[in-house]
Amino acid sequence: MKPSTAYLFAVAGASFWGFTGLFVQNMYRYNIEPDQVVALRMAGSALILFLAVALIRPYLLKVRWYDLPHFIGLGVGSIALFNWCYFTVMNEASLSIAVVLLYTSPVFVALISRFVFKEKITMNKLAAILLTIAGCALVAGLLPGGAGGMSLSILMIGLLSGLCCGLYSILGKFVTPKYHSITITAYTMLAGGVVMVPFSGLLANEEAIQEPMMWMYGLGGILLSTIAAYILFTIGLKYIESGKAAILSTVEPMVAIVIGVFAFGDRLSSWQGLGIVLIFSAVVLSIYSRPGKFRKKRGNRRKRPQNEWEKKPGGDV
């Protein structure tokens, strides 16, 4: 595949992620709660993925039983929680604010990696942390006047969405060497859906589940902003450097902010606009702080290890 085509796939996938707010905000019109949106999105994605993979490549559904806790951690501790936080801020503040606070995740990854993987805190990472703090203060209205246009609880929930989103990169390291990315996504969505459906009370919300348009918006979010976005971005990621792919992924918040402003009438002050710029700058600094991200690796390449269940039979679930 040509690099230009790969870039197009990656940008398309990131753009589809940016459409998440368009579907979710419209779902809120039918008296559905943020946790119920998360339950519908994860359970629906799991159902479609399992059916599709079972028909096309059923061998991808084989996993080791002792890896199930990792999938539960990814599904519940990362994806379900970060989606709930993201959708809550979207509901209580605005789509633009929600996506900006979500994109503090690279900074949290840098901090966690320092203690878990002993990665150094470089000057770029330190600058990214300071820019993120200043940017969040501006977006929340704590600076320059200190009046506070956003409640502290919503700000903390927004930052928690960034933390939980970043945890996916950390927790995913335990399963990515063993399984195909589609396998990880399917079981992650299944784990989150199994927990969130009964916990959220989605099936008891008769007013929402009886609205055909609510299901249409939910299905659109599942197919376009979850499954299609993931597949397109993953295809592009195969042919371009991961650092460049990370930069291309910042198309997502750009699209989300444009949708928030033009579709839902989000209003951002000049100070909030400056805060957004600072946070995006922090994201770029976090990416550049990783050695070798933008250099092609040369020399001997190790052959990709086989999946665990390909090496020896038995023990699958």
Side-chain angles (χ1 to χ4, degrees), residues 6-28 34 37-38 40-42 44-46 48-49 74-75 78-91 94-106 108-109 158 161-169 172 181-182 184-186 188-189 192-193 217-240 242-264 266 276 279-280 283-284 286-287:
Y7 292 147
L8 182 61
F9 273 107
V11 169
S15 299
F16 286 169
W17 277 325
F19 276 87
T20 300
L22 179 64
F23 296 108
V24 173
Q25 289 281 62
N26 280 297
M27 291 174 70
Y28 285 150
V37 175
V38 177
L40 178 61
R41 188 182 187 190
M42 298 195 74
S45 297
I48 294 173
L49 280 171
L74 286 170
S78 177
I79 301 298
L81 190 53
F82 110 66
N83 272 277
W84 176 81
C85 293
Y86 180 38
F87 296 157
T88 298
V89 177
M90 194 184 299
N91 188 35
S94 70
L95 170 58
S96 301
I97 299 299
V99 75
V100 169
L101 294 178
L102 173 65
Y103 254 70
T104 59
S105 58
F108 286 112
V109 171
S161 72
L163 171 61
C164 294
C165 182
L167 282 177
Y168 191 88
S169 300
S181 53
I182 292 179
I184 296 171
T185 303
T188 294
M189 292 295 177
Y217 286 122
L219 184 61
I222 291 170
L223 294 178
L224 185 69
S225 298
T226 306
I227 297 176
Y230 168 79
I231 292 175
L232 288 173
F233 193 81
T234 302
I235 291 173
L237 190 60
K238 290 181 180 179
Y239 300 96
I240 58 180
S242 56
K244 291 181 179 179
I247 290 179
L248 292 175
S249 70
T250 58
V251 171
E252 176 191 354
M254 300 295 185
V255 171
I257 289 173
V258 170
I259 291 174
V261 170
F262 290 99
F264 301 109
D266 291 352
I276 290 173
I279 290 175
F280 285 162
V283 171
V284 174
S286 296
I287 295 168

Separation between CH2 (W17) and CG (L102), nearest 0.5 Å, reads 11.5 Å

Do V100 and I257 come close enough that some side-chain heavy atom pair is under 4.5 Å? yes

Which atom pair, heavy atoms only, marks the closest approach of L163 to F108? N-CD1, 3.5 Å

Y168 and I184: which non-hydrogen atoms are nearest, and at how many Å? OH-CG2, 3.7 Å

Between the main-chain N or O of S96 and the side-chain N or O of D266, is there a donor-acceptor pair closer than 3.5 Å? yes

Keeping the roles fixed (side chain from S45, backbone from M42), state whether a donor-acceptor pair exists under 3.5 Å. no

What closest approach, in Å, do F87 and Y28 show between heavy atoms, and which atom pair accounts for it? O-OH, 2.8 Å

Please check this pair: side chain of S161 against backbone of G158, looking for a donor-acceptor N/O pair closer than 3.5 Å. yes

Hey, what do you get for SG (C165) to CZ (F82), rounding to the nearest 0.5 Å? 4.5 Å

Can you tell me how far the CD1 atom of I227 sits from the CD1 atom of I48, to the nearest 0.5 Å? 4.5 Å

Measure across G13 and A229 and return the closest heavy-atom pair with its distance rounded to 0.1 Å. O-CB, 3.3 Å

I'd like to know if the side chain of N83 reaches the main chain of I79, judged simply by a donor and an acceptor atom lying under 3.5 Å from each other, with no hydrogens or angles considered. yes

Which heavy atom in L40 sits nearest to a heavy atom in I222, and how many Å separate them? O-CD1, 3.6 Å

From M189 atom CE to L74 atom CG, the distance as rounded to the nearest 0.5 Å: 10.5 Å

Quick check against the 3.5 Å criterion: does S225 have a side-chain atom that pairs as donor or acceptor with the backbone of F16? yes

Pairwise side-chain contact, Y86 with V99, heavy-atom cut-off 4.5 Å (strictly under): yes

Heavy-atom nearest pair, L167 first then S78, reads C-OG, 4.1 Å

Contact check, side chains of S15 and V11, non-hydrogen atoms, under 4.5 Å: yes

Can you find a heavy atom in the side chain of M90 that is under 4.5 Å from one in the side chain of F264? no

